[in-house]
Amino acid sequence: MAKVTLPDGSTLEIAEGSTAQQVAEQIGAGLAKAAVAARIDGKLVDLAMQVADRSRVEIVTPKDKEGVNVMRHSCAHVMAEAICSLWPQTKLVYGPTVEDGFYYDIDLDEPIRPDDFARIELRMREIVEADQPIVRREMSRRQALEELKGDKYKTDNIERAEGDVISFYSHGNGFRDLCRGPHVPSTGKVGSFKIMSIAGAYWHGDPTQKMLQRVYGTSWPTKKDLDEYLNRLEEAKRRDHRVLGRQLDLFSFSEMGPGFAFMHPKGMVLWNEIVDFMRQLNGKYGYKEIRTPIILNEELWHRSGHWDHYKENMYFCEIDQVGYAVKPMNCPGGCLLYKTNKHSYRELPLRLAEFGMVHRHEASGVMHGLFRVRQFTQDDAHIYCMPAQIEAEIIGVINLIFETYRAFGFEDFNVELSTKPESHIGSDEIWETATNALKAALQHKQIPFKINEGDGAFYGPKIDFHIKDCLKRSWQLGTIQLDFSMPQRFELAYTAEDNTEKTPVMIHRAVLGSMERFMGILIEQYAGALPLWLSPEQVRVLTISEKTNDYATVVQHKLSDAGLRCGIDLSDEKVGAKIAKSHGERIPYMLVVGPKETESSAVSVRIRGLQDGRTVSVDEFLARARQKIADKTADPAF
RNA sequence: GCUGCUGUAGCUCAGUCGGUAGAGCGCGUCCUUGGUAAGGACGAGGUCCUGGGUUCAAAUCCCAGCAGCAGCUCCA
């Protein structure tokens, strides 16, 4: 007999040589049925694995996130078998799990099309119904290389694998794949699945390598989980800022300028609200605002290093036989401005903010609504300071960033610190000082952060602030970068206390990142139903009939004069239709006025998203709405 | 940039076998004066992405380009 420890701390006597599956059966039939894998001494393994004496055993079910991943991985194998049986010339490359599902990279010259998904799923279902056991077989690295001789993908995978024991998993009619595992015990246990999409992907992500086909699938423990996931995707589609941008008439794009957004009147209201907010906050944090030219002499960009490091992303033009470049970043222009005066250490830190419009010629395939464009406006700033001031300045920027994100309703973000890259300029000491300053600032603020070793800019380390959108894509918003290079290249100086010329440190910072991207994120975050203070149209007066047009107009003027963005719908429609239309445009407040309201100088307030309204006096409504706007409350209800 | 898919009215989309185009929404006019998520009638609106090719004939088939979408790579 052997003894094992269970997760609750209890011990269980088992027969010598029992498998994890047998342990599960001994614990209970229900658990044995639900089991998909096991954890022995913390290591995730197949249920068929033998359990050694005195080990810790945990039966893994679909309730465990790793259990679901095991199912997904097995599902990827089932899909691989289905594809191989439909296209026998398929070469399998690599099939991992990803968030919400899995994919399999395959090398197959004939393209798989969405029309083929149903066929693949059908074949997968046959494989699942057959409930064939999934069997692990181990061999030495040498033997594995021998067996797979000629298969460059699998040989490569073996070479990348750790350890000397290489495992294969097989099931069904001779399907076998090199795989670390673990897997569910049989093909009947892969859950509910769906093939989602097909895309191209390079082998090893290397553009010089062959483009493979990547087939994406999703799988979930139950049909219900799958349906919920598919509904979530639908919801995400409804929130897509590209769709809402058109529906709400906020912005558009034209073939005449790929990647250049056209901001419509309503979009500009949102834009200006964001700018106003940032201006006010910049003032509070001691920034002065500047503006620098969009097009500058080519020579400047040689000096800044952009010519060498950024040329392929820049736009150029020639005027009077002189070469000019359109700025991809604001810093060189800012440096020229700094140099127009002599500076004393007494002026530092000098904080100069700029809503700077930059152009970057991004690759054609990467554009994505407002999230990734070729022309955008950064809420940029450059802080010129002495080395001893760095940490305090960083803390100031962090405070500014957090205050901003909270005001816009974002509480959930993560912070990353990127350190010295291989190719860099500046001494190791100065890098260490800079990195430590960033770290110290984060620690001082007790902000947890992840370190991206070697991911900094060539001129200095940086802190990035990331946020996740409703599709769970992560986007970089703010950034703080320390720069010791640009000040030297531009020979920036300040006169120190001892009357010597010293080089200031430059801190680049952006809070929102880009106005465009931030607008897109806001739209998706709120599914178009923006907080009252940001809504392009905050209130709309709706008439019952044209008999009350006069009163409705008086109400509209009163609210507009008080500073509310107030529209009016005098159209020849029933009030129900006006409500529906206003809801479609995500107007926070709909004020219905008819004879009843006219008599008592009142409005019947209907609030976005709510069914029932209430009648209040115009003055009371105005007071409440102004309070909501001042407080930047996201929910307009009162 | 690479791979795959798509491009028809302002928007969302249909259009069979190759035979010169249709719906809903929106827009305009009229009827209706109606109390909380879409009242009715009529009407206007198209270089079927662009350029070639095949054909008696192309929205439709073929080629190229442009743009968009899903990814890859890159990035704010």
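In the text below, chain A, chain B and the rest are named by the order of the sequence lines, each starting its count at 1.
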Which base sits across from [N] as a Watson-Crick or G-U pair, both distances under 3.5 Å?
{"N": "G10(B)", "result": "C25(B)"}
{"N": "C17(B)", "result": "none"}
{"N": "G4(B)", "result": "C69(B)"}
{"N": "U54(B)", "result": "none"}
{"N": "C30(B)", "result": "G40(B)"}
{"N": "G45(B)", "result": "none"}

Nearest-Å distance, [atom1] ([X]) to [atom2] ([N])?
{"X": "Glu516(A)", "N": "C75(B)", "atom1": "CD", "atom2": "C1'", "answer": "15 Å"}
{"X": "Glu255(A)", "N": "G65(B)", "atom1": "CD", "atom2": "P", "answer": "16 Å"}
{"X": "Phe253(A)", "N": "C66(B)", "atom1": "CZ", "atom2": "C1'", "answer": "17 Å"}
{"X": "Asp116(A)", "N": "C5(B)", "atom1": "CG", "atom2": "P", "answer": "11 Å"}
{"X": "Arg214(A)", "N": "C2(B)", "atom1": "CZ", "atom2": "P", "answer": "18 Å"}
{"X": "Arg246(A)", "N": "C69(B)", "atom1": "CZ", "atom2": "P", "answer": "14 Å"}

At 4.0 Å (heavy atoms only), tell me whether [X] reaches a base, stays on the sugar-phosphate, or touches nothing.
{"X": "Arg360(A)", "result": "base"}
{"X": "Arg517(A)", "result": "base"}
{"X": "Ser254(A)", "result": "nothing"}
{"X": "Glu546(A)", "result": "base"}
{"X": "Met367(A)", "result": "sugar-phosphate"}
{"X": "Gly576(A)", "result": "sugar-phosphate"}
{"X": "Val366(A)", "result": "base"}
{"X": "Glu362(A)", "result": "base"}
{"X": "Gln375(A)", "result": "nothing"}
{"X": "Tyr216(A)", "result": "sugar-phosphate"}
{"X": "Ala510(A)", "result": "nothing"}
{"X": "Gln213(A)", "result": "nothing"}

Practice item. Drop me the distance from Phe277(A)'s CZ to Leu534(A)'s CG, to the nearest 0.5 angstrom. Key: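 The CZ atom of Phe277(A) sits 9.5 Å away from the CG atom of Leu534(A).
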Review point. CD1 of Ile83(A) to CD1 of Ile120(A): how many Å apart, nearest 0.5 Å?
Key: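 Here the rounded value is 4.5 Å.
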Please pick, from [options], the nucleotide with the shortest atom-to-atom distance to any side-chain atom of [X].
{"X": "Ser197(A)", "options": "G39(B), A70(B), A67(B)", "value": "A70(B)"}
{"X": "Val592(A)", "options": "A67(B), U36(B), A76(B)", "value": "U36(B)"}
{"X": "Gln611(A)", "options": "G35(B), C66(B), A37(B)", "value": "A37(B)"}
{"X": "Ser545(A)", "options": "C31(B), A37(B), U33(B)", "value": "U33(B)"}
{"X": "Lys574(A)", "options": "A37(B), C11(B), G34(B)", "value": "G34(B)"}
{"X": "Ile544(A)", "options": "G68(B), G1(B), G35(B)", "value": "G35(B)"}
{"X": "Ala577(A)", "options": "A70(B), G10(B), A38(B)", "value": "A38(B)"}
{"X": "Val373(A)", "options": "C72(B), G1(B), A76(B)", "value": "A76(B)"}

Practice item. Check if the side chain of Asp572(A) and the base of C31(B) share a donor-acceptor pair of N or O atoms closer than 3.5 Å. Key: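 Side chain to base: pair present.
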Review point. Any donor-acceptor pair under 3.5 Å joining the side chain of Gln247(A) to the base of G26(B)?
Key: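 It does not, because no donor-acceptor pair links the side chain of Gln247(A) to the base of G26(B) below 3.5 Å.
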Exercise for review: Starting from the 5' end of RNA chain B, give me the residue, Lys596(A) or Asn313(A), whose nearest nucleotide shows up first.
Suggested key: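 Whichever sits nearer the 5' end wins; that is Lys596(A).
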Review point. Toward the 5' end of RNA chain B, which comes first, Ala363(A) or Ser571(A), by nearest nucleotide?
Key: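 The residue whose closest nucleotide sits nearer the 5' end is Ala363(A).
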Within less than 4.0 Å of OP1 or OP2 of [N], is there a side-chain N or O belonging to [X]?
{"X": "Arg372(A)", "N": "A76(B)", "value": "no"}
{"X": "His368(A)", "N": "C75(B)", "value": "no"}
{"X": "Arg606(A)", "N": "A37(B)", "value": "yes"}
{"X": "Gln378(A)", "N": "A76(B)", "value": "no"}

Practice item. Establish, yes or no, whether the cationic atom of Arg72(A) lies under 6.0 Å from the six-membered ring centre of Phe102(A) and within 45° of the ring axis. Key: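 No, Arg72(A) and Phe102(A) do not form such a contact.
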Exercise for review: Examine Arg624(A) relative to Tyr589(A) and say whether NZ or CZ is less than 6.0 Å from the centre of the six-membered ring and inside a 45° cone about the ring axis.
Suggested key: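 No cation-pi geometry.
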If we take the [atom1] atom in both [N] and [M], what is their distance in whole Å?
{"N": "G15(B)", "M": "U8(B)", "atom1": "C1'", "answer": "9 Å"}
{"N": "A9(B)", "M": "C27(B)", "atom1": "C1'", "answer": "11 Å"}
{"N": "C69(B)", "M": "A57(B)", "atom1": "P", "answer": "37 Å"}
{"N": "A70(B)", "M": "C13(B)", "atom1": "P", "answer": "13 Å"}
{"N": "U29(B)", "M": "U54(B)", "atom1": "C1'", "answer": "47 Å"}
{"N": "G10(B)", "M": "A44(B)", "atom1": "C1'", "answer": "13 Å"}
{"N": "U16(B)", "M": "C62(B)", "atom1": "P", "answer": "14 Å"}

Practice item. With side chain to side chain contact (heavy atoms under 4.5 Å, CB included) as the test, would you mind laying out the steps for Trp475(A) and Arg517(A) before giving the verdict? Key: CA-CA 9 Å; Trp475(A) 294 98; Arg517(A) 174 178 291 181; 3.5 Å; yes
Practice item. Output yes when a side-chain donor or acceptor of Arg360(A) lies under 3.5 Å from a complementary backbone atom of Tyr315(A), and no otherwise. Key: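 Such a contact is absent between Arg360(A) side chain and Tyr315(A) backbone.
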Exercise for review: Let me see the working for Lys578(A) and Thr543(A) under side-chain hydrogen bond (donor to acceptor under 3.5 Å, both in side chains), right down to the final yes or no.
Suggested key: CA-CA 9 Å; Lys578(A) 295 184 186 186; Thr543(A) 50; 2.8 Å; yes
Check your understanding: Any side-chain donor paired with an acceptor under 3.5 Å for Lys327(A) and Thr292(A)?
Key ->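 Lys327(A) vs Thr292(A): donor-acceptor pair found between side chains.
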**Study point:** Residues which pass salt bridge (charged side-chain N to carboxylate O under 4.0 Å, His left out) with Lys154(A), listed by chain and number, not counting sequence neighbours
**Key:**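 Here the qualifying residues are Asp177(A).
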Review point. Is the ring of Trp475(A) stacked on the base of A76(B), with centres less than 5.5 Å apart and planes under 30° off?
Key: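 No; by the centre-distance and plane-angle rule, Trp475(A) does not count as stacking on A76(B).
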Check your understanding: Should U20(B) be called syn or anti, with syn set as within 90° of 0?
Key ->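 Base orientation: syn.
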Exercise for review: Enumerate the residue pairs fulfilling salt bridge (charged side-chain N to carboxylate O under 4.0 Å, His left out) with a member in residues 244-264 of chain A, sequence neighbours excluded, ordered by first and then second residue.
Suggested key: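 Salt bridge (charged side-chain N to carboxylate O under 4.0 Å, His left out) check on residues 244-264 of chain A returns no pairs.
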